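Following: one structure in structure tokens, then a few remarks.
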Amino acid sequence: LEKGMIQVELNLNLALRVGKKRDRLDIGESISLPRLVERLGLNDGDVGMLLINKNWAPPDSIIKDGDLVQLYPFLEGG
């Protein structure tokens, strides 16, 4: 990836809401999850799980240049 870029993968209904499953975004040096969610056109409550570089990450994580970010919606069921 070029400097300042991240790769974003959206799963399940998040991909349907955004209209694509993968994207590359120029974030500069870093971005918070709420700002990333906003840039993708999603709502705060849409993302249930975050992986950064294929590892689980808490929602207050800072996403950095070069990261692979995978976003999953909350799962429903019972």
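Owing to the predicted nature of the structure, the values given are computational and were not obtained by experimental measurement.
Grouping the Ile, Leu, Val, Met, Phe, Trp and Tyr side chains by contacts below 4.5 angstrom, directly or via other members, places Val18 with Leu50. Placement of Ile6 and Tyr72 in two distinct hydrophobic clusters is found when ILVMFWY residues are connected by side-chain heavy-atom separations under 4.5 Å, directly or transitively.
Between the CG atom in Leu51 and the OG atom in Ser61 there is a gap of 10.5 Å [rounded to 0.5 Å]. How far CZ of Arg24 is from CD of Gln7: 5.0 Å, rounded to the nearest 0.5 Å. Interatomic distance, CG of Leu36 versus CD1 of Ile27, reported as 8.0 Å (0.5 Å rounding). Expressed to the nearest 0.5 Å, how far CZ of Phe74 lies from CG of Leu14 amounts to 10.0 Å. Rounded to the nearest 0.5 angstrom, Arg17 CZ and Leu40 CG are separated by 12.5 Å. Here Met5 contributes atom CE and Asp23 contributes atom CG; the two are 8.0 Å apart, rounded to the nearest 0.5 Å.
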Exercise for review: Determine, stepwise, if the pair Ser32 / Ile63 fulfils side-chain contact (heavy atoms from CB on, under 4.5 Å).
Suggested key: CA-CA 6 Å; Ser32 67; Ile63 299 158; over 6 Å; no
Review point. How far apart are the C-alpha atoms of Asn11 and Lys21, what are their side-chain angles, what is the distance that settles it, and do they pass the side-chain contact (heavy atoms from CB on, under 4.5 Å) test?
Key: CA-CA 7 Å; Asn11 290 282; Lys21 185 167 176 61; 3.2 Å; yes
Point to revise | Worked verdict on Leu33 versus Asp60 for side-chain contact (heavy atoms from CB on, under 4.5 Å) | key: CA-CA 7 Å; Leu33 178 59; Asp60 61 349; over 6 Å; no
Review point. Under the side-chain contact (heavy atoms from CB on, under 4.5 Å) criterion, do Leu25 and Val69 qualify, and how do the steps go?
Key: CA-CA 11 Å; Leu25 296 176; Val69 179; over 6 Å; no
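A salt bridge does not link Asp67 with Lys64: every distance from a Lys NZ or Arg NE/NH1/NH2 to an Asp or Glu carboxylate oxygen is 4.0 Å or more.
The two residues Asn43 and Asp46 have their closest heavy-atom pair at N-OD2, 2.6 Å. Heavy atoms only, all atoms of each residue included: Pro59 and Pro34 are closest at O-CD, 4.5 Å. Taking both residues in full, the closest heavy atoms of Asp65 and Gly4 are given as OD1-N, 2.6 Å, listed atom of the first, atom of the second, then distance.
For Lys20, the NZ atom sits in a loose shell: 12 or fewer heavy atoms of surrounding residues, nucleotides or ligands are nearer than 6.0 Å.
Judged by distance alone, the side chain of Asn53 and the main-chain N or O of Leu68 form a donor-acceptor pair under 3.5 Å. Between the side chain of Asp26 and the backbone N or O of Gly28 there is at least one donor-acceptor pair closer than 3.5 Å.
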